Amino acid sequence: MQKDDLIQWFNESDEGLQSLDQSDESLSDLWKPEEAAEETAVGGDLGDVMLAAGSIDGEKLNNARSISSKTSGKSLVDIFYEMGVDEVKIQTAVASIRGLDFERITAAEIETKYLNRLSLEFCKSHNVMPIRTAGSRLILGMTYPDNLLIIDEVRHKLGVAIKPVVVCRNEIVAIIESLKEEEQVDVEVDDIIGDIEEDDVEVVESKEEDVDLEKMAGESPVIRFVNYLIFNAVKEGASDIHIEPQEKKLQVRYRIDGVLFEMMNPPHQMHAAIISRLKIMSNLDISERRLPQDGRIRAMVHGRKLDLRLSTLPTGQGEKAVLRILDSRSIKVPLEKLGMGEDSLLLWTHQISQPHGIILVTGPTGSGKTTTLYASLGQMDKVKLNISTVEDPIEYHLNGITQCQTHERIGMTFAAALRSLLRQDPDVVMVGEIRDSETAVIAIQASLTGHLVLSTLHTNDAPSSITRLINIGVEPFLIGASVNATLAQRLVRKICDHCKVIKPPHEELADHLAMHGIAMDQVYGGEGCEKCRNTGYAGRVGLYEMLILDDVLRDKITGNPSVTEFRRICVERGMITLREDGFRKVAAGLTTVDEVLRVTESTI
């Protein structure tokens with residue numbers, strides 16, 4: 001080829017490339033010089049970037065680097081995450097270093113077409129989420145944007161160009177869980193129970209620890225019906241399933257947001273079969289129908305593991321069974337999301353950061369005491385502190401915390417377990433419940449020797465917890481010296497956000513509203529919709545009564561005051577009662593007057 005021919009060929013090729021770039025937008029989206037310049041990594045060390053941004057202090061950074069140097073295969077990102085550093089701050093720093101965008105994502109904006117092609121399991125295992133399309137490229141949310149192999153695998157699976165952005169891992173998990181919850185259980189109750197007889201359950205010994213309900217569905221009518229009860233309860237957000245025999249019918253009720261709802265009335269003749277099936281799943285004695293029994297079921301429901309606690313009780317009409325659903329997601333609630341006011345949250349955070357003393361959470365069963373205690377433990381530095389618990393039973397397993405379960409039959413009581421834990425060099429000890437004077441005295445001794453002790457009591461309000469300790473045999477001067485604070489709480493239903501409207505109060509409530517300074521046009525209520533099962537309520541929020549013991553109250557305790565007198569002194573010194581906190585939440589539009597009156601008593 002001559003020189004002139006070579007020049008002519010080069011010019012024609014250059015013109016062809018320019019015309020191709022202008023005519024094919026899909027190719028032009030693959031790479032642009034200005035975008036490449038924008039996506040160039042800024043660089044830098046993650047720890048230094050977060051330290052400069054004020055996202056972490058120097059001591060925590062040094063601890064993280066020390067752990068990283070001694071732990072192979074674990075990045076600073078993972079270590080910061082385990083130390084409880086805000087994931088938004090971590091991922092913002094990662095995006096800054098990599099020169100990528102950081103985005104907050106919700107289920108509403110996800111590109112479901114590509115999500116279905118990838119599958120929820122793939123996205124969960126690789127921490128990725130297809131967000132949206134921009135031109136011919138897919139914006140892919142990633143928690144580890146350096147993983148080029150995953151980007152390449154997604155590109156091959158979907159056949160589109162990929163632009164990665166940095167997102168939070170917990171938001172990916174929340175989206176996947178919410179999408180799983182929306183899946184409908186394809187079961188009709190009439191089809192399940194149509195041919196059910198008591199003989200349909202074969203009594204066998206079960207040795208399996210995990211029961212996969214989806215795998216077992218369809219083996220027999222009774223098994224399918226019990227599976228449906230649990231599936232439907234989880235889908236509805238129930239905390240308990242009540243199976244109650246009556247003279248001529250069998251009643252099944254779910255407890256949703258603290259209130260029981262009747263769900264169905266299966267044929268009475270299937271009662272024994274259902275109870276037997278639940279006992280088999282719990283490894284209980286199905287031949288014993290005269291004594292109460294307690295068991296545990298580990299089940300796979302909607303793709304996640306749940307603990308189910310079974311309790312049976314003989315009644316005049318047969319055995320009643322209550323199945324409590326323990327979902328670990330329900331206790332993974334940050335302290336600031338529990339519903340405490342700003343002042344109460346600040347006081348409580350200060351109390352749980354104290355080096356020693358006793359902090360009590362009081363309230364009836366089902367009032368959220370465990371959630372509050374677990375959220376408080378979650379605020380603590382698990383790297384620097386030795387945190388231990390004594391529980392009966394261990395309802396939820398927490399990472400980085402030593403948990404011990406009591407066994408009354410073999411002498412492993414709260415007092416015995418607590419006595420042993422104190423020889424394990426603890427900084428913080430959580431006692432599931434103070435039931436007797438021995439446990440109370442050991443807890444007080446632990447607090448006086450430099451330990452922070454968190455525990456619960458079953459009392460109606462915060463001041464009553466002090467008199468309750470005196471009544472079980474603890475000396476008043478020991479209580480005054482060791483107890484730092486008590487927190488009484490209740491749970492009320494929240495007004496449904498989808499059907500919330502302003503409702504003028506009826507005359508009977510006008511005096512209550514005026515007494516608490518609430519304008520009549522500021523009272524909200526729920527109309528009822530499909531989202532809230534036409535109740536007007538969805539979810540729950542806490543009411544709190546916090547008592548901080550100062551020197552004046554400690555002096556009063558040594559005089560062994562009555563409940564009424566001590567409560568009056570506490571209110572005079574500024575304690576906000578449960579009902580007052582409830583009306584504050586009514587004024588904020590979170591709940592209704594009826595709910596507050598339902599769970600609190602008048603103190604006037």
Side-chain angles (χ1 to χ4, degrees), residues 185 187 189-190 192-193 196 198 201 211 213 221-284 286 288-299 301-302 306-327 330 363-371 393 395 458 490-493 532-535 537-540 595 598-599:
V185 181
V187 179
V189 178
D190 293 339
I192 296 173
I193 67 175
I196 291 178
E198 185 172 349
V201 174
V211 181
L213 295 178
V222 171
I223 293 176
R224 288 161 54 206
F225 180 76
V226 172
N227 295 345
Y228 173 77
L229 285 182
I230 300 173
F231 263 104
N232 193 46
V234 174
K235 182 173 72 72
E236 293 287 341
S239 60
D240 301 88
I241 304 172
H242 291 243
I243 302 170
E244 302 166 326
Q246 299 183 11
E247 186 175 357
K248 294 183 179 180
K249 72 173 184 177
L250 181 63
Q251 180 175 260
V252 176
R253 296 193 291 173
Y254 291 167
R255 186 177 294 278
I256 303 173
D257 292 336
V259 178
L260 283 169
F261 292 90
E262 185 172 347
M263 303 303 293
M264 62 189 77
N265 295 112
H268 187 269
Q269 62 266 25
M270 68 183 293
H271 167 246
I274 292 175
I275 301 299
S276 296
R277 175 61 196 160
L278 290 172
K279 287 184 177 181
I280 290 171
M281 296 171 71
S282 306
N283 291 321
L284 298 179
I286 65 172
E288 181 56 73
R289 299 184 179 182
R290 300 166 300 172
L291 294 174
Q293 296 188 69
D294 295 307
R296 169 184 172 185
I297 304 170
R298 299 196 66 186
V301 183
H302 292 300
L306 296 180
D307 273 347
L308 310 174
R309 299 291 164 82
L310 175 67
S311 174
T312 65
L313 178 70
T315 70
Q317 307 297 334
E319 286 185 284
K320 174 183 176 180
V322 176
L323 203 60
R324 166 155 287 191
I325 302 171
L326 301 177
D327 187 354
S330 65
T365 301
S367 60
K369 299 188 298 296
T370 300
T371 301
E395 295 188 0
H458 287 286
R490 298 289 189 277
L491 293 176
V492 293
R493 292 182 292 174
C532 60
R533 299 172 299 279
N534 294 314
T535 62
Y537 299 99
R540 289 190 287 180
E595 277 295 292
R598 179 176 67 87
V599 302

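Predicted model, so just to flag it, every value in this text is computed and none were measured. Atoms considered below: every heavy atom in the structure, side chains included; atoms not considered: hydrogens, waters and symmetry mates.
Val222 is not listed as a side-chain neighbour of Met270, based on a closest heavy-atom distance of 4.5 Å or more. Looking at Tyr537 and Val259, their side chains never come closer than 4.5 Å, going by heavy atoms from C-beta outward. Using a 4.5 Å heavy-atom threshold, the side chains of Ile325 and Ile241 count as touching. With contacts defined as side-chain heavy-atom distances shorter than 4.5 Å, the pair Val252/Ile274 does not qualify.
Using a distance-only test at 3.5 Å, with no hydrogens or angles considered, no donor-acceptor pair links the side chain of His268 to the main chain of Pro245. At least one donor-acceptor pair closer than 3.5 Å links the side chain of His271 to the backbone N or O of Glu319. Between the Glu288 side chain and the Arg290 main chain, a donor and an acceptor come within less than 3.5 Å of each other. Not one N or O on the side chain of Tyr254 forms a donor-acceptor pair closer than 3.5 Å with the backbone of Gly237.
Lys369 is linked by a salt bridge (charged side-chain N to carboxylate O under 4.0 Å, His left out) to nothing, counting only residues two or more places apart in sequence or in another chain. The side chain to side chain donor-acceptor pair (under 3.5 Å) search around Gln251 returns Glu244, not counting sequence neighbours. Under the salt bridge (charged side-chain N to carboxylate O under 4.0 Å, His left out) criterion, Arg540 pairs with no residue, sequence neighbours left out. Under the rule for a salt bridge (charged side-chain N to carboxylate O under 4.0 Å, His left out), the partners of Arg324 that lie at least two apart in sequence or sit in another chain are Asp240. In this structure, the salt bridge (charged side-chain N to carboxylate O under 4.0 Å, His left out) partners of Arg493, at least two apart in sequence or on a different chain, are Glu595.
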Exercise. Do Asp257 and Arg533 pass the side-chain contact (heavy atoms from CB on, under 4.5 Å) test, and can you show the C-alpha distance, the side-chain angles, and the key distance before you say yes or no?
Worked result: CA-CA 12 Å; Asp257 292 336; Arg533 299 172 299 279; 4.0 Å; yes
Problem set entry | Stepwise side-chain contact (heavy atoms from CB on, under 4.5 Å) check, Leu229 with Ile243 | CA-CA 10 Å; Leu229 285 182; Ile243 302 170; 4.2 Å; yes
Exercise. Does the pair Ser276 and Arg289 meet the rule for a side-chain contact (heavy atoms from CB on, under 4.5 Å), with working shown?
Worked result: CA-CA 10 Å; Ser276 296; Arg289 299 184 179 182; 4.1 Å; yes
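Atoms CD and CG, on Gln317 and Leu250 in that order, are 11.5 Å from each other to the nearest 0.5 Å. Taken to the nearest 0.5 Å, the NZ atom of Lys279 stands 8.0 Å off from the CD1 atom of Ile286. For the atom pair Ile275 CD1 and Leu284 CG, the distance stands at 11.0 Å (nearest 0.5 Å). With rounding to the nearest 0.5 angstrom, the CE atom of Met263 is 11.5 Å from the CG atom of Asn265. The line from CZ of Arg253 to CG of Leu260 is 4.5 Å long, rounded to the nearest 0.5 Å.
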With a 3.5 Å cut-off and sequence neighbours excluded, list the donor-acceptor pairs that the side chains of residues 306-314 form with protein atoms.
unit_1 : atom_1 : unit_2 : atom_2 : d
Arg309 : NH2    : Ile394 : O      : 3.0
Ser311 : OG     : Asp294 : OD1    : 3.3
Thr312 : OG1    : Gln293 : N      : 3.2
Thr312 : OG1    : Gln293 : O      : 3.4

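Contact detail for Arg598 and Leu491: the closest heavy-atom pair is NH2-O, 4.3 Å. In terms of heavy atoms, Gly295 sits closest to Ser282 at CA-CB, 4.1 Å.
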